[in-house]
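In what follows, every chain begins at residue 1, and chains take the letters A, B, ... in the order their sequences are listed. Because the structure is predicted, anything quoted here is derived from the model rather than measured. Below, all heavy atoms of this structure are taken into account, side chains as well, without hydrogens, waters or symmetry copies.
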Amino acid sequence: MPVEEALLPKDLAAAEGMVNVQINGVWHRFPKGTRLIEAIGKSGDEVPHYCYHPKLSSPGNCRMCMVEIGMPARLAPGAEPTYDDEGYLPIQWMPRPAISCATMVSENLGVRTKSTLVEEARHGVMEFLLANHPLDCPICDQAGECRLQEFAVGHGRGGSRFVEQKTKKPKNVDIGPRIRLDDERCIMCSRCIRFMDEVAMDPVLGFSERGGYTTLGVHPGRKLDHNYGLNTVDICPVGALTCNDFRFQMRVWFLKETPSIDTNCGTGINTVIWTRNDQVYRITPRENNDVNSCWMPDSHRLNFHYLHGQHRLTSSLVRDGDHHRSAPSHNAAGKVASALKSAPKGTAALVVSSRLTNEEMFLAKRLAEKCGISAIATVPREGEADDYLVAADRNPNTQGFLRIFGDQDRAATLQSLRDDVRSGKIRTLLTLQEDLLAPEAGFTQDDLEKLDFLASLHLLDNGTAAAADVVLAGSGFPENRGSMINVTGRLQRLNRAINPPGEALTNWEWLATLLRETGADVFDGEAAAFKALAASDELWQDLTLARIPDNGIQLYETGIKIPLVERERERIARGEING
Amino acid sequence: MDSIRYIAGKEPHPRERRMIFRNVDREGWDTRFATYVADGGYLELRKALAMKPAEVTAEVRTSGLRGRGGAGFPTGVKWTFIPPDNTKPVYLICNADESEPGTFKDRYILHQDPHQLLEGMAIAAYAVGARKAFIYIREEFPDAARILEEAIDEAVRENILGENILGTEFSLEIIVHRGAGAYICGEETGLIESLEGKRPYPRIKPPYFPAALGLWMCPTIVNNVETLCHVKHVIAMGGSEYAAVGTRNNSGTRILCVSGDVVKPGYYEIEVGRMTLGELIDDVCGGMRPGRALKAVIPGGSSSKVLRGDETFTIRTPDGASSGLALRDIPLDFDTLAACGSMAGSGGVIVIDDSRSISWVLNNINAFYAHESCGQCTPCREGALWMRKITDRVVEGRGTPTDIDTLLSIAGQIEGRTICAFGEACAWPTQSFIHKFRDELTGATSEDNAAKASNPEAVAQRRYLAEAAAAGSAR
């Protein structure tokens, strides 16, 4: 009867563009076009896999994700379908397992992920993958985050029946300036090849040789030197591709993971900072489909060694004749605060870096108000966008600066500040995390010598510090907590991964101390500053710092698009990937 | 037919029916266009061009023609898999990558009768709507590639190929593409990848069925050389008359390539199912080598499952009754060989006598598949090489009885778990050889070898596994 038929689950699902899939005896509903492996994941079960990656095409080559599937039996001509009590057709199970990465969900599909057939298939694949894999886990960088190790525990046989000579392949191959290849560890999943082809669009990787002797390599005459090459190390499920920078530095299980964001450009790529004992060991991208997908440029991820380098300031300095001597923090801060407070009106200025967090900027603004400083400039940092993730704006928080200090022509403001220093109008200057002698800031040594009082809050002993009367040892990005707004208008949170070294303080602590020295009320931490900031801006009103989601929140649209993310959306729309 | 004379010493056996091989070894025959036309060539193309494409396909369906490449899929049915609402170009590919060990039929067509293939291709292209066709020819046939190219040039000059063939609307370009020496290029999706200029990694099916998503993601029909030649004869005879040749559901003739331990190995074109294996070996091929007995037969190329010489098969007839069938009584058709647990495959019949060591034969086959595995997917890449390493040891007298169990288990872990049928191709020999000749294989191994293993780690491993197994059975 038509009325009853209309109530069948398949019709209800179809009306919403969905299909019904039975997973381990329970019926679920998924959108058409979903890959089975993703559907099973959404159902709360996990399918072990090596070659499948949601951002890349599905070659189906590792065979690890095989599951048992079944479909309704094909009806004999003229036969009527017999639905069960719930309105589903009986499932006829197939004798062979199917790969879930390339199988699309379909109506009345049945899936078993825990049957004997599935377990045996996984045992078989695990045994094959380990047959020729070197068991050098004790010295392998991937140990601890290796999919072979992980799935050997859950889906392996325990023992090995392989007593033959293992296949020999090239080891310690220098395939690029930042990456090293151990071909014996490679399980030929082709993720790296597909990444370089489909995402980096520089297909330099490929297989040569055949069968069990298949060898990964770079195209003759080329190197894997692309600025996104290190992503291949991230997605390599084994220790075949390792990062020269991180290699042999630390066992990964000792590292603490802190989700944060990158501060090398305005994109605000989502990251994980890997640390131990207040030292950063590596930075990897964190998935955020609105910002950076799963990827990150090498130039950004490797830019952290300066935090622990020889130019790092570990205590504050005050000028004593022609040299600096280290000074207690309150002493140094007291000197800066009194210089700012005592400067005649119109003769003091602030340079506020657009690398500061919103909260730090908010405090800087308060400080300026308290001291009656109206000359405030930031240093624009323009580069070229790279058509992937890197934004033309190399400051991570230009949007925040404009929102807090007001829309302005930043280059012109900076130019007029330079002019005022040169003319002698400005005689007292505090620079917050900017080296004024850097080309983009454009000050000269002569300019700085004209000042009566120069103070620098920075983490490095740069040229400005050398010329400064007081140097405040500040903090770098993994030591800060706060929020930033990226080039697209997305509010994201920076989390503290480590503490500043020695007697260095965080930027926040310095600004709070300066404010306190000027006699102002000080917020009880970054979160309180965010709350005050949010109260003054209707876009942020319902937010607190802690309530910013890990993937950020879009406050407004600037119209700037991230090319790589746009391309990924097109691939999803074309059904090439599930994303 | 009577007027045809063959080169002395290469005359067909009286029990053969030469259709495809009509001109092979024919006296006074050469590969020129004029020779082919003087013999009535290209009349079937004219006939086909006067029909509607769908009518040509219908004739092929009626004929019951089944693919001669290995799988034996009905050709006319394959052609209808092109999506009806297709708007993309359609391609026809002739699979001339004849590389299944034991198979040597297509090479004679390519070398001696190229125009027969071109005519068959033109008819097939017309039927499926292709305007461009490829002949993917293996690297090992350089002369054949040159001969084909010359034949194509001649045919274009004579307006048999090219633009507006024979004054009709139909145009067809045929391109000869040389492979680079890889067995996997005989797998149709591997072939297509190779033709696209990539590594010949077979594609996953679903979704990449060539008839819908083939060459450059366009509908593509891939047929074997012999199959395409049969198309010409289907048109010549008409589908129903062709279907009367051979037996029911196993129509036409097929070329068997007999190699191994018979007196007269060679190629023989027979009506499908009208001859038994015994007749082929004892009558047509002159019997086993003197003083030797039949030990085994691999009936359809190296990947088909081996049959034992003294085996009796139980065959179920359509009426439900079952009957015993000795190896020599098996009729050479698609269905009976399948019922006997093997397959007609590519027509490569490999005869093995009692002088051969089974472990050597299996190792020879394993070495081939380990060498030819493309390496794309895990089970075949790792398993094929592993099996070869084990049979290497067995042949060298260093095997242990448990190796035979391990071999069988590895084959089971490959079969049905791979992207393409290579998994079956490399698993079936091991499975069937162990199934049929386990005693002989085990006899080639020794328990002592386990203790003698030079690798201390292996000894420790074996002890651990034995203890684990004992603990498991105690529990």
Side-chain angles (χ1 to χ4, degrees), chain A residues 50-51 57-66 94-99 101-104 106 117 120-133 135 157-167 186-190 193 197 203 206-216 575, chain B residues 182-184 198-208 369-390 392-393 400 402-403 405-406 409-410 412-419 422-423 426 450 453 455 457-459 461-462 464-469:
Chain A
Y50 295 102
C51 70
S57 60
S58 301
N61 63 34
C62 76
R63 317 306 285 178
M64 191 64 194
C65 70
M66 289 190 287
M94 294 186 179
R96 291 177 166 192
I99 47 172
C101 68
T103 306
M104 296 292 179
S106 58
L117 181 74
E120 278 175 5
R122 289 173 182 170
H123 281 170
V125 173
M126 277 313 302
E127 183 175 40
F128 284 141
L129 287 174
L130 290 171
N132 283 296
H133 188 84
L135 294 180
R157 271 209 182 90
S160 166
R161 299 182 294 175
F162 188 83
V163 294
E164 322 300 329
Q165 174 85 53
K166 289 189 187 237
T167 308
C186 176
I187 58 166
M188 276 73 86
C189 73
S190 77
I193 297 175
D197 183 14
F207 287 132
S208 56
E209 304 302 325
R210 200 158 71 189
Y213 301 98
T214 302
T215 307
L216 178 71
Chain B
Y183 173 77
I184 199 66
K198 305 176 197 153
R199 271 174 86 80
Y201 277 169
R203 296 173 175 172
I204 45 177
K205 290 151 277 187
Y208 301 110
Y369 287 108
H371 181 66
E372 291 294 347
S373 167
C374 78
Q376 181 182 205
C377 65
T378 309
C380 162
R381 176 184 68 231
E382 303 294 338
L385 189 55
W386 188 359
M387 291 198 297
R388 197 215 77 199
K389 285 174 176 174
I390 294 177
D392 272 351
R393 274 194 297 110
T400 66
T402 52
D403 283 338
D405 298 318
T406 308
S409 162
I410 295 170
Q413 285 175 188
I414 303 173
E415 187 196 14
R417 313 274 163 91
T418 54
I419 290 174
F422 191 108
C426 74
N455 179 353
E457 191 190 333
V459 175
Q461 180 79 50
R462 285 213 187 91
Y464 168 80
L465 286 176
E467 283 166 7

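Using a 4.5 Å cut-off between heavy atoms, R203(B) makes no contact with chain A at all. Proximity to chain B (any heavy atom under 4.5 Å) is shown, for M188(A), by both the backbone and the side chain. Looking at I184(B), there are no atoms closer than 4.5 Å to chain A (heavy atoms on both sides), in backbone or side chain. In this structure, the portions of I419(B) lying under 4.5 Å from any heavy atom of chain A include both its backbone and its side chain. Contacts of S160(A) with chain B are made by both backbone and side-chain atoms, with heavy-atom separations under 4.5 Å. Proximity to chain A is limited to the backbone of T418(B), based on heavy atoms less than 4.5 angstrom apart.
Distance alone, capped at 3.5 Å, is enough to place a donor-acceptor pair between the R63(A) side chain and the R417(B) backbone. R161(A) contributes no side-chain N or O that, together with a main-chain N or O of T406(B), makes up a donor-acceptor pair within less than 3.5 Å. Under the 3.5 Å distance criterion, the side-chain polar atoms of R381(B) are matched with a main-chain donor or acceptor of I187(A).
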### Query
Do F128(A) and I410(B) pass the side chain to side chain contact (heavy atoms under 4.5 Å, CB included) test, and can you show the C-alpha distance, the side-chain angles, and the key distance before you say yes or no?
CA-CA 9 Å; F128(A) 284 141; I410(B) 295 170; 3.6 Å; yes

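For the set M66(A), H123(A), M64(A), the entry with the most heavy-atom pairs within less than 4.5 Å of chain B is M66(A).
Not counting sequence neighbours, the partners of Y183(B) by the ring-ring contact (aromatic ring centres under 6.0 Å, His included) test are F368(B), Y369(B), F422(B).
Taking 4.5 Å as the limit, every side-chain heavy atom of E382(B) sits out of range of all side-chain heavy atoms of E127(A). In this structure, the side chains of D392(B) and Q165(A) stay at 4.5 Å or more apart for every pair of heavy atoms. Contact of the R393(B) side chain with the V163(A) side chain is registered, since non-hydrogen atoms from C-beta on lie closer than 4.5 Å.
The environment of CZ in F207(A) is crowded: more than 12 heavy-atom neighbours from other residues, nucleotides or ligands sit within 6.0 Å.
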